Amino acid sequence: MKNFPDFPDADDGNDYLTVHYTEEDVPVEEEVLEKILLQVGKEQSADFASIELVYVDEKEIVAINREHLGREYVTDIISFRYDERDDPDAIEGTLYCCAPRIKEQSLELGTPVVQEFYRIFIHGLLHLCGYNDQTAEEKTAMTRLENHYLEQFNL
């Protein structure tokens with residue numbers, strides 16, 4: 001098994017999504033996150049068994065990026081899938097989201113901050129489902145799906 005970063009312990013009573021706020025002022029509603037997760041799972045024929053969503057600052061995302069991916073920069077999200085399977089069954093993973101970077105990105109793109117937070121969450125879920133964004137075609141496909149889910153929830 002791969003060695004991934006630790007995440008805070010929590011038991012919020014739901015078996016498939018746990019959200020950790022190590023960063024203040026994160027404009028998401030957990031109920032909406034859960035609905036998005038269920039809809040992405042349904043449409044992608046994916047079973048999200050256990051997803052951790054952790055909001056961190058720039059320092060923490062750079063440390064995770066350096067230690068686990070060998071990269072030395074701030075990014076909006078890093079996704080780790082723990083079950084080490086290539087199929088969409090019983091997906092377990094953690095999404096580390098850099099709240100300050102997401103806010104900055106929304107300003108750069110001219111999009112509402114709330115929408116960008118949900119977009120990044122969707123983006124991470126798509127990565128856990130096996131989507132990549134290394135080529136222009138892959139990025140376009142992921143953006144199209146992100147927009148699709150944002151529209152479904154009027155975000």
Side-chain angles (χ1 to χ4, degrees), residues 1-23 26-57 60-71 73-99 101-102 105-106 114-155:
M1 178 141 213
K2 297 175 185 169
N3 182 18
F4 294 107
D6 292 330
F7 47 82
D9 291 328
D11 183 12
D12 65 1
N14 118 16
D15 293 336
Y16 52 85
L17 178 65
T18 304
V19 182
H20 304 282
Y21 301 93
T22 59
E23 185 66 25
V26 174
V28 296
E29 296 178 27
E30 290 185 34
E31 182 178 308
V32 175
L33 292 170
E34 290 174 12
K35 289 178 181 178
I36 290 170
L37 181 138
L38 293 172
Q39 188 65 28
V40 170
K42 178 181 174 184
E43 290 190 25
Q44 297 300 316
S45 300
D47 174 26
F48 293 111
S50 178
I51 305 300
E52 298 279 342
L53 175 59
V54 184
Y55 289 102
V56 299
D57 62 16
E60 185 66 20
I61 203 80
V62 169
I64 294 167
N65 211 1
R66 178 186 317 112
E67 182 177 345
H68 298 280
L69 302 174
R71 300 173 183 159
Y73 57 84
V74 174
T75 187
D76 51 8
I77 187 168
I78 299 175
S79 306
F80 293 103
R81 185 162 171 181
Y82 298 123
D83 56 281
E84 298 183 358
R85 295 165 47 168
D86 290 329
D87 62 51
D89 294 329
I91 295 172
E92 298 176 2
T94 299
L95 307 175
Y96 288 93
C97 298
C98 182
R101 177 62 191 130
I102 296 169
Q105 199 164 271
S106 75
V114 171
Q115 183 185 70
E116 192 64 15
F117 270 84
Y118 287 119
R119 176 183 301 281
I120 297 306
F121 175 62
I122 294 164
H123 186 86
L125 293 176
L126 293 172
H127 274 307
L128 294 179
C129 288
Y131 287 88
N132 291 307
D133 57 2
Q134 299 302 309
T135 68
E137 293 82 17
E138 291 171 338
K139 287 178 185 177
T140 299
M142 284 188 78
T143 300
R144 191 170 25 252
L145 282 170
E146 292 162 14
N147 290 338
H148 166 74
Y149 292 115
L150 290 170
E151 289 169 9
Q152 282 190 358
F153 291 94
N154 297 314
L155 298 170

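Fair warning: this is a prediction, and the values are worked out from it, not measured in the lab. Nothing fancy with the numbering, it's 1 onward along the sequence.
- Taking every heavy atom of both residues into account, I120 and Q105 meet most closely at CD1-NE2, 3.6 Å.
- Taking CG from L17 and CD from E30, the interatomic distance works out to 7.0 Å, rounded to the nearest 0.5 Å.
- Taken to the nearest 0.5 Å, the OG1 atom of T18 stands 9.5 Å off from the CG atom of L53.
- In this structure a side-chain-to-backbone donor-acceptor pair under 3.5 Å is missing from Q39 to K35.
- Results of the side chain to side chain contact (heavy atoms under 4.5 Å, CB included) test with F121 over V40, L33, L126 single out L33 as the only residue that passes.
- Ring-plane geometry between Y21 and Y55 is classed as parallel, the angle between the planes falling under 30 degrees on a 0 to 90 degree scale with a further cut at 60.
- The shortest side-chain heavy-atom distance between S106 and F117 does not fall under the 4.5 Å cut-off.
- Note that CD of E146 and CG of L155 are 12.5 Å apart. Values are rounded to the nearest 0.5 Å.
- Under a cut-off of 6.0 angstrom, the local environment of CD in E29 is sparse, with at most 12 non-hydrogen atoms contributed by other residues, nucleotides or ligands.
- For A46 against C129, the heavy-atom pair with the smallest separation is CB-SG, 3.7 Å.
- In terms of modelled atom types and a separation under 3.5 Å, the side chain of R81 and the main chain of L128 share a donor-acceptor contact.
- Closest heavy-atom contact between I102 and C97: CD1-CB, 3.9 Å.
- Interatomic distance, L69 CG to I64 CD1, rounded to the nearest 0.5 Å: 9.5 Å.
- Judged purely by atom type and a 3.5 angstrom limit, N65 uses its side chain to pair as donor or acceptor with the backbone of Y73.
- Across all their heavy atoms, C98 and V74 have their closest contact at SG-CG1, 4.1 Å.
- Atom CD1 of residue I78 and atom CD1 of residue I61 lie 4.0 Å apart, to the nearest 0.5 angstrom.
- Nearest heavy-atom pair across D133 and M142 is CB-SD, 3.6 Å.
- Under the 3.5 Å distance criterion, with hydrogens and angles disregarded, no donor-acceptor pair is assigned to the side chains of H123 and D76.
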Check the pair Y149 / Y118 against side-chain contact (heavy atoms from CB on, under 4.5 Å), numbers first and verdict last.
CA-CA 9 Å; Y149 292 115; Y118 287 119; over 6 Å; no
Passes side-chain contact (heavy atoms from CB on, under 4.5 Å), K42 versus L38? Steps please.
CA-CA 6 Å; K42 178 181 174 184; L38 293 172; over 6 Å; no
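- Between L37 and L125 there is a side-chain heavy-atom pair separated by less than 4.5 Å.
- Contact record, R119 with T143: NH1-O, 4.1 Å, taken as the closest heavy-atom pair.
- We find the CD-CZ distance between E116 and R101 to be 8.5 Å, quoted to the nearest 0.5 Å.
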Start with the C-alpha distance between T22 and D57, add both sets of side-chain angles, then the distance that settles side-chain contact (heavy atoms from CB on, under 4.5 Å), and finish with yes or no.
CA-CA 8 Å; T22 59; D57 62 16; over 6 Å; no
When you look at I122 and L150, which way does the side-chain contact (heavy atoms from CB on, under 4.5 Å) test go after all the steps?
CA-CA 8 Å; I122 294 164; L150 290 170; 3.9 Å; yes
